[in-house]
Amino acid sequence: MDRSDSSSDESDDRQNLIEQNGTERLPSPRNLSTTFDIDDDRHFRPPIHRFRFSIPKFAFHKRYYYLLAAALPLCIIAIFFSADIRSLFSSVNISSTLGSSDSLSDRMRESELRALYLLRQQQLDFFDIWNHSNSTFNSTATNNLSSNSASGDAFIEDLKSAILKQISLNKEIQNVLLSPHRSGNLSEVVGDVQTMGTFTIDRCGKIDQKLSGKRTIEWKPKSDKFLFAICTSGQMSNHLICLQKHMFFAAILNRILVIPSHKVDYQFSRVIDIEHINTCLGRKVVISFEEFSEIRKHHLHIDRFVCYFSKPDPCYVDDEHIKKLKNLGISMGKLESAWNEDAKKPTGKTVSDIESKFSSNEDVVAVGDIFFANVEKEWVNQPGGPIAHKCQTLIEPSRLIKLTAQRFIQTFLGKNYMAFHFRRHGFLKFCNAKQPSCFYPIPQAADCIIRMVERANVAVIYLSTDAAESEYGLLQSLLVLNGKSIPLVRRPPRNSAEKWDALLYRHGIEGDSQVEAMLDKTICAMSSTFIGASGSTFTEDILRLRQDWGSASLCDQYLCQGEEPNFISDQNDV
């Protein structure tokens, strides 16, 4: 409400108060005609009458002068009171009413300011609780809630959310009460409700990774011993996870890891910085297939092929992939299984298990696809991974992709943005086979996102999705908070007028689907808050990067985490 509206409303209220007190509306004293009134209208011209007679000459006796002098004051007094007495009392009556109205208005104003003062004090108390909770909850949660950490974390988050909600409500009430008084300087009376002063609310702060307690292994390979990486399951994200696990195996077995050829796998050199891995370790630990071919003088033979998984296929490698390897000139012996291990039901293994089953004096060994392998899970999933190195992470996007992501963020998003991976294609059946399902109706998804936006206090969302336009279009229409639409930003098609993607174009890798996928990951990994898709390895790789880069937030979560879809279709196919 602006000042003009406020002033108008106050005038109407004051007039209503006058009428409710039973006082009739009377004409102003200046509008009453009296014998001595002089009209101040400059356009008024009284009529002039010309009389055709002459004033007779009287000869007054002296006593008439005495009578006239005595009567004149009485006439003046009589005329004065007959003309102005009514207006006099009317003015007193109106002044009395206005005085009563002013007194009531002052009392209302005083009450509002008192309410603002009390709300301000309540706000300060809320801030004290919030700041105290941040310093104590983390230390007490481990001790008091260790028996049920999941429910304990949920309780703490719910409590924090409740406090923040009350702080927001308190501020909203203060703004409503303060709106009619914006013209005055009330900071000395109630404090400045727009500024938090020395108090700060960081609802989605960065997670302390506690890197000092990391458990790592040194990777010091022998120069003539190689582990030949083979990854076959899923898309690029699965293959990158598989490659990470191969690095761990190579470190355990003291071998150099051979990156697969793009003729049998993805062209990893386009999306990740392979030489970055060697730089972080300070030695040669990974090589490309082309380097391996040069070292081996084109004698490309896998001396021992020991399968980590025996089911559903040995080494989780099908005949088609074996054929591709042979077309590269790679020969191999018979596939053998290290143990009875099913890729659909992997069991936990240790470093000792790997050493005992896969150590060999052979020059080149392979273990097959190990995407599903469960080896030292907590060790592998710690920030930065299980291998000792001097960088934040070993497997990260190429320099070109990182720079392009940064330029996109500077162009479209800014520092404080939320990223959302909205997986939809092929996800309905996949999620409904899980308990609970992870496929949410779009209106429910919108509600969950709005709550996260309000909590994280962001103005824009970067959307990484394979959804149809009909789906993300509906989602966009439903994302409204406090009457304002929350923009969903997607990477636009190539436009020569825009320069944020010039590096990709200049190096001839624009339009590559894997480059674009890694660019999406990078933008998501750099966001202040992230919402992912449960069950998606694309999301998991983003979470890994966020953890390793130190960008992981307390608000990071899966879409509608802790909720079940409010509608689930039947499972049976027709």
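Keep in mind the model is a prediction, meaning the values are calculated, not measured. Count residues from 1 along the sequence. Side chains included, hydrogens not; waters and symmetry mates left out as well; all remaining heavy atoms used.
- For F372 and Y316, the ring centers are positioned less than 6.0 Å apart.
- The 12-atom threshold is exceeded at NZ of K284, counting heavy atoms of other residues, nucleotides or ligands nearer than 6.0 Å.
- L554 places a side-chain heavy atom less than 4.5 Å from the side chain of I207.
- The distance from the CD atom of Q244 to the CD1 atom of I395 is 4.5 Å, given to the nearest 0.5 Å.
- Annotation: side chain to side chain contact (heavy atoms under 4.5 Å, CB included) contacts of E376 (sequence neighbours excluded): R215, F248, T350, V351, W379.
- A donor and an acceptor atom, one from each side chain of H421 and T539, are located under 3.5 Å apart.
- In this structure, the separation between OG1 on T216 and NE2 on H389 is 8.5 Å, given to the nearest 0.5 Å.
- Side-chain polar atoms of Q235 and Q514 form no donor-acceptor pair below 3.5 angstrom.
- Between the CZ atom in F305 and the CD1 atom in I230 there is a gap of 3.0 Å [rounded to 0.5 Å].
- No salt bridge links R399 with D273; every basic N to acidic carboxylate O contact stays at or beyond 4.0 Å.
- Here the options are C431, P441, C438, the test is side-chain contact (heavy atoms from CB on, under 4.5 Å), and the partner is P565; only P441 passes.
- Looking only at distances, a side-chain donor or acceptor of S551 sits under 3.5 Å from a matching main-chain atom of A525.
- A heavy-atom distance below 4.5 Å is found between the side chains of V317 and I322.
- For S553 (side chain) and K206 (main-chain N/O), no donor-acceptor pair under 3.5 Å exists by modelled atom type.
- Taking 4.5 Å as the limit, some side-chain heavy atom of I330 sits within range of a side-chain heavy atom of F289.
- In the model, N416 has a side-chain atom that pairs as donor or acceptor with a side-chain atom of S528 under 3.5 Å.
- When side chains are defined from C-beta on, M518 does not count as touching S398, because their heavy atoms never get closer than 4.5 Å.
- Side-chain atoms of E396 and W549 include a donor-acceptor pair closer than 3.5 Å.
- S233 and D369 share a donor-acceptor pair across their side chains, judged by distance under 3.5 Å alone.
- For the atom pair C231 SG and I370 CD1, the distance stands at 7.0 Å (nearest 0.5 Å).
- Checked by atom type and distance alone, the side chain of N278 pairs as donor or acceptor with a backbone atom of V285 at under 3.5 Å.
- Using a 4.5 Å cut-off on side-chain heavy atoms (C-beta onward), R546 and F530 make contact.
- Applying the disulfide bond (SG atoms under 2.5 Å apart) test to every pair with at least one member in residues 367-428, sequence neighbours left out, gives these pairs: C280-C391.
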- salt bridge (charged side-chain N to carboxylate O under 4.0 Å, His left out) between D342 and K345, worked out: CA-CA 5 Å; D342 190 344; K345 297 178 181 180; over 6 Å; no
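- Looking at D319 and K323, no side-chain N of the basic residue comes within less than 4.0 Å of a carboxylate O on the acidic one, giving no salt bridge.
- One N or O on the side chain of H276 and one on the backbone of T393 form a donor-acceptor pair closer than 3.5 Å.
- If you check the side chains of S437 and N432, you find a donor sitting under 3.5 Å from an acceptor.
- Residues F228 and L325 are in side-chain contact: their nearest non-hydrogen atoms beyond the backbone lie under 4.5 Å apart.
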- Task: Could you give me the CA-CA distance, side-chain angles and deciding distance for D447 and R451, then say whether salt bridge (charged side-chain N to carboxylate O under 4.0 Å, His left out) is met?
- Result: CA-CA 6 Å; D447 288 340; R451 290 197 298 270; 5.6 Å; no
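- Side-chain contact check for I449 versus L559: some heavy-atom pair is nearer than 4.5 Å.
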Let me check something: any side-chain donor-acceptor pairs from residues 480-493 under 3.5 Å, sequence neighbours excluded? List them with distances.
unit_1 : atom_1 : unit_2 : atom_2 : d
S485   : OG     : Q476   : NE2    : 3.4
R490   : NH1    : Y472   : OH     : 3.1
R491   : NE     : Y462   : OH     : 3.4
R491   : NE     : D520   : OD1    : 3.0

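- In this structure, the side chain of Q547 does not engage the main chain of A552 through any donor-acceptor pair within 3.5 Å.
- For the 3.5 Å distance criterion, the side chains of K311 and S337 fail to qualify, holding no donor opposite an acceptor.
- Using a 4.5 Å cut-off on side-chain heavy atoms (C-beta onward), I401 and V515 make contact.
- Without hydrogens or angle criteria, H239 side chain to G234 main chain gives a donor-acceptor distance under 3.5 Å.
- At least one donor-acceptor pair closer than 3.5 Å links the side chain of S477 to the backbone N or O of L474.
- Between atom OH of residue Y417 and atom NZ of residue K415 there is a gap of 12.0 Å, rounded to the nearest 0.5 Å.
- If you take CD1 on I259 and CD on Q267, they are separated by 13.0 Å, rounding to the nearest 0.5 Å.
- Because its NZ or CZ atom is not both nearer than 6.0 Å to the ring centre of F249 and within 45° of the ring axis, R255 does not count as a cation-pi partner of that residue.
- In this structure a side-chain-to-backbone donor-acceptor pair under 3.5 Å is present from Q444 to N566.
- In summary, E498 and R407 do not engage in a salt bridge, as defined by a charged side-chain N under 4.0 Å from a carboxylate O.
- Shown here for F427 and S534, the closest heavy-atom pair between the two residues is CZ-O, 3.2 Å.
- For the pair R494 and Y505, the cation-pi test (distance below 6.0 Å, angle within 45°) is passed.
- Listed for the D466 side chain is a donor-acceptor partner under 3.5 Å among the backbone atoms of R424.
- At least one donor-acceptor pair closer than 3.5 Å links the side chain of S288 to the backbone N or O of E291.
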